[in-house]
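Read the structure below first, then the notes.
Just so it is clear, the model here is predicted, and its values are computed rather than measured.
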Amino acid sequence: MEFESDLPGNDIDDIEDLISADDIKPRDRYENKKNVTVRAKKRAPIKPTLSDDEKEETKPQKIIHESVIPGTQKVYVKTWGCAHNNSDSEYMAGQLASFGYKLSGKNEADLWLLNSCTVKNPSEDTFRNEIEAGMRNGKHVVVAGCVPQGAPKSDYLRGLSVIGVQQIDRVVEVVEETLKGHSVRLLQNKKVHGRRVAGAPLSLPKVRKNPLIEIISINSGCLNQCTYCKTKHARGDLASYPPAEIVDRARQSFDEGCCEIWLTSEDTGAYGRDIGSSLPELLWQLVEVIPEHCMLRVGMTNPPYILEHLEEVAKVLQHPRVYAFLHVPVQSGSDSVLGEMKREYCRKDFEHVVDFLRSRVPGLTIATDIICGFPTETEQDFEETMTLCEKYQFPSLFINQFFPRPGTPAAKMERIPANLVKKRTKRLTDLFYSYEPYAGREGQLYTVLVTEISHDKLHYVGHNKSYEQVLLPMRKNLLGTRVRVRITSSSKFSMMGEILDEEQEWTRCANTKQTQLETKSNSSSSRRERYIGIALVVGAVAFLLQLLVRLLNQ
């Protein structure tokens, strides 16, 4: 199996041009202008572009299958966007693999399954380019994710099979029909007893991009709708999975060999508000089923929905099997801009979240996001963002330029000149690179859980309790273990460590299948040794009794 992931920072894209019922209709706008004719603007369908030396007749043609025998076709899966999207792709890959399809690289695949994201324009552009590349190379193409869910009538999606964000459990039938030359579009919301649910069952099979990490989407959709964001157009209103289903999925993941769980959603802090539960309630239930030496990472939460749970969230983040890490996007340090963004909090609210959690959770890592160049952002507004970031010196700071997403209120606002946006982005980036969060850590000792391979493929990556990245030498059998390390050097984004323990001292998750088999084997050996010991004792007693009887008879 091959997954192709995006580089860090290439997040999500957007969806559909939604028109409010209160908007002025074209007929009303031009009613008093008799010399104006209203015409619908037609856009030509997108066709794969050919290079100068390519001829239409020589372009590879996709094969139409009369029938599809599982195991004879190959599928390539590519994902854009957030952890939620990655989890969806893992579920779709798992169903295809369990049905017999082979997961492969793009060149040898018969069909490309492209799972899109809708936060930023560049992500949608690369998604569109990949569709064209698949068509140009004679591949069947199935599209999924937020872009087609929110804008199913886009010209470049015409004629393609579409899997909606709540229909990923039907990926096998969509792929099968597409290979036969049919176009299938599944975009309906899932409902149970008339109530919208979060999505497909969490118990579906998965092919994980990283077999050691399970990504669990705990809810889908949002309570709020920010003026710059299109994600809600695709994911809709908040819908949470029941706590029992999430806990069962966590148990299943640990049984299958995972040693780390990531909770994800569009806003984890809003979890449970639609079903009478809350994020802290869920976290305390999950803590009970996390095996020794395994870890839990809490996903992104917006400030408004964590304010009332700060005390309990702080207690959970102190738990030894929960990373002291939280992603809380602020987007701007200006109350004026936050109001125009409809973020539902002010700067003081965000500062209270950071100050409160930092004071109660030792070594807490706070990550945040900033949007530079929102249409109403003045120089004074931007200076307030600069002072906020300078005050807290966030070790993880995701800096984005504003992109007008069609159908959002912010897209109708007058934009700031591009050169000014770039200037502000550079100033904030320079500030971010002016401090070293890990400087002076040389010689410090940490226990880290090793779960990943670095981007340069030269190191294993472990994370300490604060979810800080520690690079380690690629020792055999190191992945999936907890080891003690000493920091030898540091950089802007990570620390380098040396392993202090011998291999026999490395510890593994207490609930993986390997550990269970070893425990079972050890238990069997212990029972066998115990039975042998009892048999020896019984035999010795019997021998002594026989000897005593003989002596008495004499």
Under-4.0 Å salt bridge between Glu260 and Arg297: no
Polar contact flag, side-chain donor to acceptor under 3.5 angstrom, Glu266-His84: yes
Check: Asp274 main-chain N/O paired with Ser240 side-chain donor or acceptor under 3.5 Å: no
Residue pair Tyr345 / Asn224, side-chain donor-acceptor N/O under 3.5 Å: no
For the student: nearest non-hydrogen atoms of Thr488 and Glu442, plus distance: O-CG, 3.5 Å
Polar contact flag, side-chain donor to acceptor under 3.5 angstrom, Tyr76-Glu108: no
Side-chain (Glu505) to main-chain (Glu502) donor-acceptor, under 3.5 angstrom: yes
Glu308, CD atom: more than 12 neighbouring heavy atoms under 6.0 Å: yes
Step-by-step side chain to side chain donor-acceptor pair (under 3.5 Å) determination, Ser334 to Asp381: CA-CA 5 Å; Ser334 162; Asp381 293 329; 2.7 Å; yes
Residues forming a side chain to side chain donor-acceptor pair (under 3.5 Å) with Glu498, sequence neighbours excluded: Arg486
Distance-minimising heavy-atom pair for Pro303 and Arg343: CD-NH2, 4.3 Å
SG atoms of Cys294 and Cys509 less than 2.5 angstrom apart: yes
Pairing of Lys315 and Glu312 as salt bridge, 4.0 angstrom limit: yes
Ion pair Lys232/Asp237, N-O distance below 4.0 Å: yes
Geometric class of the Tyr323/His463 ring pair [parallel <30°, tilted 30-60°, perpendicular >60°]: perpendicular
Lys422 atom NZ: more than 12 heavy-atom contacts under 6.0 Å: no
For Leu338 against Arg347, the heavy-atom pair lying closest together: CD1-N, 3.8 Å
Closest contact, heavy atoms only, Val421 versus Gly373: CG2-CA, 3.9 Å
Crowding at NZ, Lys426 (>12 non-hydrogen neighbours, <6.0 Å): no
Phe398 ring center within less than 6.0 Å of His327 ring center: yes
Heavy-atom closest contact (Asn85 atom, Trp80 atom, distance): ND2-O, 2.9 Å
Side-chain H-bond candidate by donor/acceptor type, Thr79 with Asn86, under 3.5 Å: no
Pair Lys206 + Glu90, salt bridge at N-O below 4.0 Å: yes
Result of checking Tyr446, Trp262, Phe325 against Tyr467 for ring pair (Phe, Tyr, Trp, His ring centres under 6.0 Å): Phe325
Salt-bridge present (Arg235, Asp88; N to O < 4.0 Å): yes
Pair Glu292 + Arg321, salt bridge at N-O below 4.0 Å: no
Side-chain ion pair, Lys476 and Glu503, N-O less than 4.0 Å: no
Distance-minimising heavy-atom pair for Pro395 and Tyr438: CB-OH, 4.3 Å
